[in-house]
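Note that these values count all heavy atoms, side chains included, but never hydrogens, waters or copies made by symmetry. Note that the structure is a prediction, hence the values are computed from the model and not measured. Counting starts at 1 for both ligands and their atoms, following the listed order.
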Amino acid sequence: MTEEEFLRFLVRHLSSGPEVLRAAEEDCAVVAEGDVSRLYTADALVEGVHFERKYFSSEALGWKLAAVNLSDVAAMGGAPEGALLILGAPSLEEEFLEAFYRGLRQGLEKYGAGLLGGDTVRAPVLFLGLFLFARAASPVFRSGARPGDLLFVSRPLGASAAALRFLKEGRRPPEPLLQAHLFPEPEVELGQEVARRALASAMMDISDGLLLDLSRLCRASGVPGAELEEVPVAEGATEEEALSGGEDFALLLAVPPEKAPLLGGLKRPLFRIGKLVETPGLRLKGRPLSPQGFDHFA
Ligand SMILES: Nc1ncnc2c1ncn2[C@@H]1O[C@H](COP(=O)(O)OP(=O)(O)O)[C@@H](O)[C@H]1O
Ligand SMILES: Cc1ncc(C[n+]2csc(CCOP(=O)(O)OP(=O)(O)O)c2C)c(N)n1
Ligand SMILES: [Mg+2]
C-alpha cells in the first residue's frame, strides 16, 4: 500500500481514549491533561531517502532532524519541551557525533526543548529518528476549516526541492536554496501566535508538498475543494517544485474571512494563495490539479 493508504489503515490501530483528542491525520497526537494539551510527534531522516552524506554536513543533519519535528509542533501552535533520539548508524564516529549533536541541540534549544534521552542501535545506514513532545493551551487542528476560508502560506515554496534538483545533478545550489534544504527554519513562533490569537480555523505544516498537504487539510476538515490563485514560488524554484516538491516546512493556514484583517498584526506578512470552496478538487487559476506530492511508498 502507499503511505497515504497506510495513514488511513492506521486509524484502527491508534488509541482513542477520552483524553486522546487526536491521534491520526494530524501533525501531532494531542492528549488532554487538565487545562493544557500535550503534543507528541516523531519524524525520521534516513540516509539515501532524506539525504546523502556527500552534501549533508553532520551539523546540518542534526539541525534538520530537530527542524522537521519542531515544524509539526509549530503546525499546532505548541511550545516544544523535550526530545528523545533513536540513533541508528553503521559505526560510532566521534567527529560525526560531535557535530550532529551540536546541530540537533542548536535546533531544539532555540525553541526551548532539551534532548532527554534516546536509544542507539547498529544499522546499515544512518537512521535518525526523533520523538518530540510539547504543550499547547489551544492547539490548532487540521480539521476546523470551512468553505469560504482564505488560504495562506507563511513563505515562498519550492526552495528545498529546487536545491535537491541541483544536488542530484552534482551541482552546488545557490546559497538561499541550499540553506532551505540543509537548515530549514521551523515556524514555531508564528504557529504559537496564530494559536494564541485564534487566527486560523485549521493549520498544518507543508512537508510533502502544498497540493498533497492541502488535500489532507481539506479531507480532515470535510471541505470538498480549494481554488488557488497565487502561489509564491521561491526564487530559483519552479512552480511544480512550489506545488508538490515538499520539505518546505512552511505553515499552511485556513483563515475565516472576518479574521483576515487581524493577520496584519503578525510580525511577518503571510502569502494569500486562494480559498476553500464547495466545488470538489483542487484548482490553480481554474485549472484542475491532482494532489501530487511526496509519498514514501507510491
Ligand atoms: N508507523 C506509524 N505508526 C503509528 N502512527 C503513525 C505511523 N506513521 C505515522 N503515524 C501518525 O500518522 C499521522 C501522520 O503522519 P505523517 O504523515 O508522518 O505526519 P507529518 O507529515 O506531520 O510528519 C501522525 O499523527 C503520525 O503520528
Ligand atoms: C536523497 C533525497 N531524495 C529525496 C528527497 C526528497 N524527500 C525526501 S522525504 C520528503 C518529504 C518529507 O519527508 P517525510 O519523511 O514524508 O516527512 P513527514 O511528511 O512525515 O514530515 C522529500 C520531499 C530528499 N530530501 N533527499
Ligand atoms: Mg512523518
Side-chain angles (χ1 to χ4, degrees), residues 1-16 20-31 39-56 60-61 64-76 78 86 125-134 139-143 157-170 173 177-178 180-182 184 186-187 191 203-217 219-220 237 240-252 292-298:
M1 62 179 97
T2 65
E3 185 181 358
E4 197 64 9
E5 288 162 348
F6 172 67
L7 292 176
R8 275 175 248 176
F9 153 95
L10 244 183
V11 178
R12 298 188 277 120
H13 293 284
L14 296 176
S15 172
S16 61
V20 180
L21 303 180
R22 285 292 194 293
E25 297 201 282
E26 273 299 342
D27 290 288
C28 305
V30 184
V31 179
L39 308 183
Y40 301 98
T41 186
D43 262 311
L45 297 181
V46 180
E47 188 174 357
V49 176
H50 297 87
F51 63 88
E52 300 288 354
R53 287 315 318 266
K54 58 178 182 275
Y55 55 78
F56 236 105
L61 276 180
K64 187 159 176 175
L65 182 65
V68 301
N69 281 276
L70 289 162
S71 182
D72 281 326
V73 166
M76 304 200 79
I86 297 184
V125 292
L126 267 182
F127 182 103
L128 309 166
L130 198 75
F131 163 69
L132 181 64
F133 54 94
V140 185
F141 299 100
R142 294 179 180 181
S143 55
L157 306 176
S160 180
L164 188 60
R165 162 165 48 86
F166 279 84
L167 293 167
K168 287 200 158 162
E169 291 167 358
L177 299 183
L178 187 61
H181 191 72
L182 302 185
E187 300 271 27
M203 184 160 67
M204 67 184 299
D205 76 323
I206 303 173
S207 57
D208 292 331
L210 171 66
L211 296 179
L212 181 54
D213 284 331
L214 173 58
S215 75
R216 290 169 173 159
L217 186 144
R219 191 170 67 229
E240 160 94 25
E241 286 162 345
L243 291 174
S244 53
E247 297 190 285
D248 295 298
F249 306 110
L251 293 184
L252 168 64
Q292 272 176 353
F294 188 87
D295 186 311
H296 281 282
F297 297 97

Min heavy-atom dist V68 to ligand 2 below 4.0 Å: no
Using a 4.0 Å cutoff against the non-hydrogen atoms of F6, which atoms of ligand 1 qualify? 1 (N)
Near A23, which atoms of ligand 1 are under 4.0 Å from a heavy atom of that residue? 25 (O)
Under 4.0 Å from any heavy atom of E26, which atoms of ligand 1 are there? 13 (C), 14 (C), 24 (C), 25 (O)
Per-atom contacts, ligand 1 versus S207 - under 4.0 Å to a heavy atom: 21 (O)
What part of F56, side chain, backbone, both or neither, has a heavy atom within less than 4.0 angstrom of ligand 2? neither
Does V49 have a non-hydrogen atom less than 4.0 Å from ligand 2? yes
Should H296 be counted as touching ligand 2, given the test is an N or O pair under 3.5 Å? yes
Counting from 1, what ligand 1 atoms have a heavy atom of L7 closer than 4.0 Å? 9 (C), 12 (O), 14 (C), 15 (O), 17 (O)
Could you check whether any heavy atom of F249 sits closer than 4.0 Å to an atom of ligand 2, since that is the contact criterion I want to use? no
E52, CD: over 12 other non-hydrogen atoms inside 6.0 angstrom: yes
State whether the shortest distance between N or O atoms of A29 and N or O atoms of ligand 1 falls below 3.5 angstrom. no
Show which atoms of ligand 1 fall inside a sub-4.0 Å distance from at least one heavy-atom site of R142. 22 (O)
Which option out of I206, L10, D213, V68 puts a heavy atom nearest to atom 8 (N) of ligand 1? L10
Sidechain N-carboxylate O distance under 4.0 Å for R216, E4: yes
Closer than 4.0 Å to some heavy atom of D43 - which atoms of ligand 1 meet that? 23 (O)
Say whether G245 and ligand 2 are in contact under the criterion: heavy-atom distance to a ligand atom below 4.0 Å. yes
With E187 via side chain to side chain contact (heavy atoms under 4.5 Å, CB included) - residues at least two apart: S154, R155, L190, L251, R268
For ligand 1, is there an N or O atom under 3.5 Å from any N or O atom of D27? yes
